[in-house]
Amino acid sequence: NAGVTQTPKFQVLKTGQSMTLQCAQDMNHNSMYWYRQDPGMGLRLIYYSASEGTTDKGEVPNGYNVSRLNKREFSLRLESAAPSQTSVYFCASSPRHRDYGYTFGSGTRLTVV
Amino acid sequence: GESVGLHLPTLSVQEGDNSIINCAYSNSASDYFIWYKQESGKGPQFIIDIRSNMDKRQGQRVTVLLNKTVKHLSLQIAATQPGDSAVYFCAENNAGNMLTFGGGTRLMVKP
């Protein structure tokens, strides 16, 4: 099935633990994005990768790191999880940067206790 | 796009009626707008977009209206169906490199 695949779908972490959220797309898109979705805040951009080999900060990058592993994969890492990072995380891709026809994955629900 | 999250604005309509979902955007310099639909447990799905040089754009059963004077965007859904029940988000490209999303409106369709 073509699209954006995120793993895991659910995760519970203890404060201070680390983890990596995985994202892969099979549409040969150049650009990939990580968003978080919180009640009352809409979707907020954490980091993006306009093309393979580049990454840039979005609106809320603090506490996160990213890696554009190759054209297909874009991972998001939490080095030391905090309760404020409890959220639903969405990965998205688009054919090219500023082509806003994003395709979103189904999300990762993360709870930090 | 106004929202209070857990207390998302909710629009309840009867099946077969038309729905109108509204969004106020923030930046008069934004030149591109998108409506997304998000069903429970899924990621947002593109519905329709419009550029700022247009006032209206139509798709299949959906119409987006843009009023730049008052920075207002609306999504009209004709003959609303139970499958239209979801949260709807507007988004604008107010910073060139990224989209800014509104908080969403929940549409509930009564059979």
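Every chain is numbered from 1, with letters handed out A, B, ... down the list of sequences. Since this is a predicted model, take the numbers as computed values, not measurements.
Using a 4.5 Å cut-off between heavy atoms, B:Gln38 contacts chain A through its side chain alone, with no backbone atom that close. At a 4.5 Å heavy-atom cutoff, A:Gln6 makes no contact with chain B through either its backbone or its side chain.
B:Phe33 pairs by the ring pair (Phe, Tyr, Trp, His ring centres under 6.0 Å) definition with B:Tyr25, not counting sequence neighbours.
Legend: disulfide bond (SG atoms under 2.5 Å apart) pairs involving residues 43-113 of chain A, not counting sequence neighbours, sorted by first then second residue: A:Cys23-A:Cys91.
Taking B:Phe89, B:Phe46, B:Tyr36 one by one and counting their heavy-atom pairs under 4.5 Å with chain A, the maximum is reached by B:Tyr36.
Around CZ of A:Arg109, the count of heavy atoms belonging to other residues, nucleotides or ligands within 6.0 Å does not exceed 12.
Taking the six-membered ring for Trp and thresholds of 30 and 60 degrees, A:Tyr33 and A:Tyr48 have nearly parallel ring planes, at less than 30 degrees apart.
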